[in-house]
Amino acid sequence: MYLHADQLPEHTVLRGYDLCIVGAGAAGIAMAQRLANSTLKVILLVSGGPGDKATPDRDRQSLYHGTTGSFLRKVDPVFLHRSRLNMYGGTTNHFGFWARPLDPVDFAPRPGFRNSAWPIAYEDLQPYYRDAHHFGQFGPLNYDDMPFWEDVLYGRCFDSLPGDNMRGAIMHAQYEENLHDFQVQFRDELKRAENITVLFNAHLLDIASDGEGRHVTGLNCSTIVAGERGKRFKVCARAYALACGGIENVRLLQLSGNLGNNQRDHLGRGFMVHPLLTNAATVRFDRVIPTEIRNFFREQQIRLKPPTDDGGAYQHMVTPLVNPELVFEYLTFNAWGVLTPTPEVLEEEGIGNFRIILNFGADRASAVVNLNWEQAPDEESRVLLDPDQEDPIFAQPVAHVDWRLNDADKRSARRALEITLDYLYRHGAVSHEMITDVSGGAEDWTLPPHEGALETGDHHMGALRMSATPDDGIVDINSRLHSVDNLYIAGSAVFPSGGYANPTLTIVALALRLADHLKEVIR
């Protein structure tokens with residue numbers, strides 16, 4: 001059911017809900033979709049409107065402006081409002097749903113690089129990865145089935161040689177708007193679900209709790225009218241889930257008296273993104289690289305025909321679409337290969353996980369090396385409130401993001417490129433030219449507007465990390481705040497580590513897992 005907060009009388013108190021989900025991006029919509037037609041009565045608070053598409057409303061987006069630390073200002077001064085969208089569907093409106101699960105090694109502690117580890121196992125997320133995978137209509141969950149993907153891509157990775165420290169891996173993307181815009185894909189399902197109320201123009205101001213901050217008693221909210229604060233209202237439920245993204249979730253807890261913070265002041269600490277060097281180096285080979293190897297690294301549109309019975313095989317379709325309507329019988333998405341390090345080299349080197357995209361040139365004998373890598377958790381890289389700047393609508397302190405890279409991150413980037421170049425020389429490279437400079441210390445980077453500049457991936461992770469005990473993080477293994485008995489966090493802020501994979505598939509998997517957990521504990 002759709003409802004507009006503008007239609008509520010001033011100071012309405014909405015009651016009788018089992019669960020209130022705040023935020024309708026990838027995490028919030030995934031939870032709502034999972035709970036549709038269940039026995040739980042759910043209200044989903046959406047900052048935007050049902051017709052949101054492509055570009056967010058200017059007034060609402062102004063709430064996502066904020067301030068940045070000195071290092072982030074050098075790298076990406078518009079990071080805060082460029083990399084997140086305040087609208088129905090959230091940032092799914094502007095992304096291509098690049099997808100891959102985290103690797104098993106990403107869940108474990110790796111002494112020498114990071115001690116923080118997921119308190120859940122890779123196997124715990126496997127069934128939820130399978131369900132999350134269907135959000136992108138990606139076909140079989142078989143990223144590691146290299147023979148399958150070599151057939152589909154008409155390609156192969158470089159031939160394996162003794163002593164190789166790298167191997168091929170598969171990435172997916174979904175660019176179809178009706179699928180990657182989650183609010184479009186699941187709009188009708190959520191609108192029809194009798195147990196789901198989607199409340200539009202609903203902005204959470206702060207979270208009310210009991211005197212000790214152990215139990216949430218309600219959410220104080222407001223509408224926006226013509227760029228100004230509108231009607232105030234309150235939402236009361238048995239349980240609450242914040243799904244507003246890796247920065248805004250932190251800000252809302254801080255606006256609510258640092259709700260959920262632990263004795264070690266971890267709230268907002270350990271903020272991570274995936275650092276990027278999209279033009280790290282150019283590599284030249286001694287020959288034209290075979291077509292099938294270039295095909296492996298070339299992003300291609302894939303059409304798969306689903307099996308007609310359980311256990312059947314997916315068929316790769318290459319015949320022309322004589323009837324355009326036949327496209328609806330297939331799963332259509334993009335796929336390509338990348339290079340990644342082996343788990344053994346990560347353990348030996350004590351560096352972050354990383355991914356290499358090779359963009360081959362028109363001469364077919366050279367390639368640009370694109371590096372994306374895992375940032376080490378750092379307590380000084382953090383999200384704070386800026387008491388000196390208020391948002392233009394509700395006059396609340398804006399978010400201040402003091403993103404930092406430390407010496408471990410610089411070493412990860414430097415060794416990742418050295419390992420990659422060594423691998424490529426073993427497979428026919430004869431020369432290379434560095435575009436970016438990875439020498440020096442933690443803050444010594446090639447910066448914009450240089451073509452080899454350090455960039456920030458739009459993946460906000462880690463500032464509310466999941467931990468087995470309250471001393472080591474903010475949420476427990478079920479994404480509930482350790483110190484608050486009915487408040488949960490959905491999204492990548494709970495990631496203790498980020499690997500190299502784009503986080504959306506893991507965000508959705510965790511959201512589905514949380515929804516299933518809430519079905520049990522609320523019931």
Side-chain angles (χ1 to χ4, degrees), residues 1-50 88-90 128 131 135 182-183 185-210 214-223 231-244 249 252 256 259 475 478-481 484-491 508 510-523:
M1 177 177 70
Y2 278 6
L3 183 66
H4 293 261
D6 312 72
Q7 300 168 350
L8 302 174
E10 181 82 11
H11 301 304
T12 294
V13 179
L14 297 171
R15 301 182 185 276
Y17 294 98
D18 294 307
L19 175 66
C20 176
I21 303 169
V22 186
I29 290 177
M31 286 189 68
Q33 187 271 343
R34 188 74 157 197
L35 295 169
N37 304 310
S38 71
T39 59
L40 297 188
K41 188 176 181 181
V42 178
I43 183 168
L44 175 65
L45 303 189
V46 182
S47 63
Y88 191 22
Y128 297 103
D131 293 344
F135 277 55
F182 282 14
Q183 85 283 12
Q185 182 178 172
F186 300 110
R187 174 179 53 211
D188 293 339
E189 183 176 356
L190 296 183
K191 188 174 183 179
R192 289 193 304 262
E194 294 183 359
N195 69 314
I196 303 285
T197 297
V198 182
L199 183 65
F200 295 104
N201 195 9
H203 302 265
L204 175 58
L205 302 179
D206 59 72
I207 304 164
S209 61
D210 60 16
R214 310 288 295 183
H215 183 84
V216 173
T217 58
L219 305 180
N220 296 314
C221 305
S222 176
T223 63
K231 298 175 181 177
R232 287 180 175 268
F233 62 96
K234 190 170 184 175
V235 180
C236 297
R238 296 172 65 189
Y240 305 83
L242 296 185
C244 300
N249 279 345
L252 290 166
S256 306
L259 188 64
V475 305
N478 294 310
S479 298
R480 197 203 79 192
L481 271 70
V484 185
D485 65 8
N486 63 339
L487 181 57
Y488 298 78
I489 303 296
V508 174
L510 285 169
L512 300 178
R513 179 176 180 267
L514 174 55
D516 283 358
H517 174 72
L518 290 172
K519 286 180 187 178
E520 296 299 320
V521 298
I522 295 178
R523 184 177 62 184

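Just so it is clear, the model here is predicted, and its values are computed rather than measured.
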Looking at [X] and [Y], what are the two nearest heavy atoms and their distance?
| X | Y | result |
| --- | --- | --- |
| Leu205 | Ser222 | CD1-CB, 3.9 Å |
| Leu487 | Arg480 | O-CG, 3.3 Å |
| Cys221 | Leu45 | SG-CD1, 4.0 Å |
| Tyr17 | Val42 | CD2-C, 3.9 Å |
| Ala237 | Cys20 | CB-N, 3.9 Å |
| Ala36 | Glu189 | CB-OE2, 4.3 Å |

Are any non-hydrogen side-chain atoms of [X] and [Y] less than 4.5 angstrom apart?
| X | Y | value |
| --- | --- | --- |
| Phe182 | Gln33 | no |
| Asn220 | Arg232 | no |
| Leu242 | Ile207 | yes |
| Gln185 | Ile29 | no |
| Phe135 | Leu512 | yes |
| Leu8 | Leu14 | yes |

Once rounded to the nearest 0.5 Å, what's the spacing between atom [atom1] of [X] and atom [atom2] of [Y]?
| X | Y | atom1 | atom2 | answer |
| --- | --- | --- | --- | --- |
| Ile196 | Ile21 | CD1 | CD1 | 6.5 Å |
| Leu510 | Met31 | CG | CE | 11.0 Å |
| Asn486 | Ile522 | CG | CD1 | 9.0 Å |
| His11 | Lys234 | NE2 | NZ | 12.0 Å |
| Leu19 | Leu514 | CG | CG | 8.0 Å |

Output yes when a side-chain donor or acceptor of [X] lies under 3.5 Å from a complementary backbone atom of [Y], and no otherwise.
| X | Y | result |
| --- | --- | --- |
| Asp206 | Ser256 | no |
| Thr217 | Ala208 | yes |
| Gln183 | Ala24 | no |
| Lys231 | Pro9 | no |
| Asn195 | Leu40 | yes |
| Asn201 | Ala5 | no |
| Arg513 | Tyr128 | no |

Indicate yes or no: does [X] engage [Y] in a salt bridge with an N to O separation below 4.0 Å.
| X | Y | result |
| --- | --- | --- |
| Arg238 | Asp18 | yes |
| Arg214 | Asp485 | no |
| Lys191 | Asp188 | no |

Counting only heavy atoms from other residues, nucleotides and ligands, does the tally under 6.0 Å from CD of Glu10 exceed 12? yes

Evaluate the side-chain contact (heavy atoms from CB on, under 4.5 Å) criterion for residues Phe233 and Leu199: first the C-alpha distance (whole Å), next the side-chain angles of each, then the deciding distance (0.1 Å), finally the verdict. CA-CA 12 Å; Phe233 62 96; Leu199 183 65; 3.8 Å; yes

Stepwise, does the side-chain contact (heavy atoms from CB on, under 4.5 Å) test hold for Tyr88 with Val198? CA-CA 10 Å; Tyr88 191 22; Val198 182; 4.2 Å; yes

Mind checking whether Phe200 and Tyr2 have parallel, tilted or perpendicular rings, split at 30° and 60°? perpendicular

